[in-house]
Amino acid sequence: MLNKIEQNKIYEMDCFEFLNHIKNDSINLAVIDPPYNMRKTDWDTFKSEKDFFDFTFAWIDALIPKLKKNGSLYIFNTPYNSAFILQYLVKKGLNFQNWITWDKRDGMGGAHRRFSNGQETIVFFTKGAKHTFNYNDVRVPYKSPGRIEHAKKKGILKNGKHWFPNPKGRLCSEVWHITSERHKNKVNGRVQKMKHITPKPLELVERIITASSNENDVILDCFVGIGTTAIVAKKLKRNFLCCDAEKAYVKIAGERLREIK
Ligand SMILES: C[S@@+](CC[C@H](N)C(=O)[O-])C[C@H]1O[C@@H](n2cnc3c(N)ncnc32)[C@H](O)[C@@H]1O
């Protein structure tokens, strides 16, 4: 299939039609934040769990051939749904890299018969073994600043050698403490109406794109909502191929994108 879709535009289109226009082996990184079947809005409501997984596995089947041979794939979802998605991707022959737990610093709902929800999952898979992973560019601050200050001067003796901290921080673990947009935008503790029901934080997507792609790479997101992946891709000088089925979101995504110089 010819690539009829232009890079660096956001299309109002169903994910299957969109994927059908994209050339096989053309995508370096797919960042996919799909429906979760949480039933809070029309596009996230399926008749049954079976219908939800039929839909999910169908878009995964359509997407896998589009990844380059060393391409990477990140999929967001609930921990429960991610357990099935992980099994499916393993069965399809992709290489498991990480189960990322996003601690949203939010979501303390009124659960009284189990623990409250406070996380989402991002599964990270690659197609081949020689994938991009810029681990030095996603380092995070060390946990004990006092000890690190001391170590910077004299080093810490480990197995007979002096260890000095990396000036860029420690390696990033697979537990990410990033405040959700919903929580960030609360006023006096009250949730405010947002432009999208589940926008992802820019810094979360920035970590994924920085780690798993390089400048001029092509990033795919076929559920782009109000444009988070496209905005980060543009900021980081990557190319993007993005769509969403909802006209109102695509309009907002375009407006947000135009603000990025
Ligand atoms: C979880 S949201 C993505 C939010 C996005 N990451 C952001 O930060 O704005 C999922 C998106 O999938 C879109 N969607 C649902 N079904 C779709 C379909 N069949 N094809 C394309 N987009 C679809 C919805 O409109 C929604 O914006």
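Remember, it's 1-based here, ligands and their atoms both numbered in the order they're listed.
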*Asks:* Can a donor-acceptor pair be found between the side chains of N239 and N216 at a distance below 3.5 Å?
*Replies:* no
*Asks:* Is it the case that K234 and N8 place a side-chain donor and acceptor less than 3.5 Å from each other?
*Replies:* no
*Asks:* Report, in ascending order of atom number, the atoms of ligand 1 lying under 4.0 Å from any heavy atom of T228.
*Replies:* 7 (C), 8 (O), 9 (O)
*Asks:* Quick test: of every protein heavy atom, which one is nearest to atom 26 (C) of ligand 1, and how far off is it to 0.1 Å?
*Replies:* D244 OD2, 3.4 Å
*Asks:* Minimum distance, heavy atoms only, to atom 17 (C) of ligand 1: which one of F76, Y11, F223, W43 is it?
*Replies:* F223
*Asks:* Which heavy atom of the protein is the closest neighbour of atom 19 (N) of ligand 1, given with residue, atom name and distance?
*Replies:* D14 OD1, 2.9 Å
*Asks:* Can you tell which of L202, D221, D33, V31 makes a side chain to side chain contact (heavy atoms under 4.5 Å, CB included) with T228?
*Replies:* L202
*Asks:* With respect to C15, determine whether any N or O atom, backbone or side chain, lies less than 3.5 Å from an N or O atom of ligand 1.
*Replies:* yes
*Asks:* So does T41 get a backbone contact from the side chain of D44, meaning a donor-acceptor N/O pair under 3.5 Å?
*Replies:* no
*Asks:* Any idea which atoms of ligand 1 are less than 4.0 Å away from a heavy-atom of P199?
*Replies:* 7 (C), 8 (O), 9 (O)
*Asks:* Decide whether Y80 and E49 meet the rule of one side-chain donor and one side-chain acceptor closer than 3.5 Å.
*Replies:* yes
*Asks:* Does D25 reach the main-chain N or O of K68 with its side chain, forming a donor-acceptor pair under 3.5 Å?
*Replies:* no
*Asks:* Between Y11 and E6, do the side chains contain an N or O donor and an N or O acceptor separated by less than 3.5 Å?
*Replies:* no
*Asks:* What class does the angle between the rings of Y88 and F57 fall in, given that below 30° is parallel, 30 to 60° is tilted and above 60° is perpendicular?
*Replies:* parallel
*Asks:* Check each atom of ligand 1 against the heavy atoms of K200 and keep those under 4.0 Å away; list them by number with element.
*Replies:* 6 (N), 7 (C), 8 (O)
*Asks:* Looking only at N/O atoms, are Y249 and ligand 1 under 3.5 Å apart anywhere?
*Replies:* no
*Asks:* What protein heavy atom is closest to atom 15 (C) of ligand 1, reported as residue, atom name and distance in Å?
*Replies:* P35 CG, 3.7 Å
*Asks:* Between W99 and F124, does the ring centroid distance fall short of 6.0 Å?
*Replies:* no
*Asks:* Closer than 4.0 Å to some heavy atom of P34 - which atoms of ligand 1 meet that?
*Replies:* 1 (C)
*Asks:* Return the residue, atom name and 0.1 Å-rounded distance of the protein heavy atom closest to atom 9 (O) of ligand 1.
*Replies:* I226 N, 2.9 Å
*Asks:* What atoms of ligand 1 come within less than 4.0 Å of a heavy atom belonging to T198?
*Replies:* 1 (C), 2 (S), 4 (C)
*Asks:* Has E181 got any heavy atom lying under 4.0 angstrom from an atom of ligand 1?
*Replies:* no
*Asks:* What is the minimum heavy-atom distance between F240 and K9, and which atoms define it?
*Replies:* CE1-N, 3.5 Å
*Asks:* Show which atoms of ligand 1 fall inside a sub-4.0 Å distance from at least one heavy-atom site of D33.
*Replies:* 1 (C), 2 (S), 3 (C), 4 (C), 5 (C), 6 (N), 10 (C)
*Asks:* Please indicate whether any nitrogen or oxygen in A245 is less than 3.5 Å from any nitrogen or oxygen in ligand 1.
*Replies:* yes
*Asks:* Which is it for D44 and ligand 1 at heavy atoms under 4.0 Å: side chain, backbone, both or neither?
*Replies:* neither
*Asks:* Check ligand 1 against E246 and write out every atom of the ligand that is under 4.0 Å from a heavy-atom position of the residue.
*Replies:* 25 (O)
*Asks:* In terms of atom number and element, which parts of ligand 1 are under 4.0 angstrom from non-hydrogen atoms of M13?
*Replies:* 21 (C)
*Asks:* With distance as the sole criterion, is a donor-acceptor pair present between the side chains of R39 and T45 under 3.5 Å?
*Replies:* no
*Asks:* Measure across A129 and N70 and return the closest heavy-atom pair with its distance rounded to 0.1 Å.
*Replies:* N-OD1, 3.5 Å
*Asks:* Mind checking whether C222 contacts ligand 1 via backbone (N, CA, C, O), side chain (CB onward), both or neither, at a 4.0 Å heavy-atom cut-off?
*Replies:* backbone
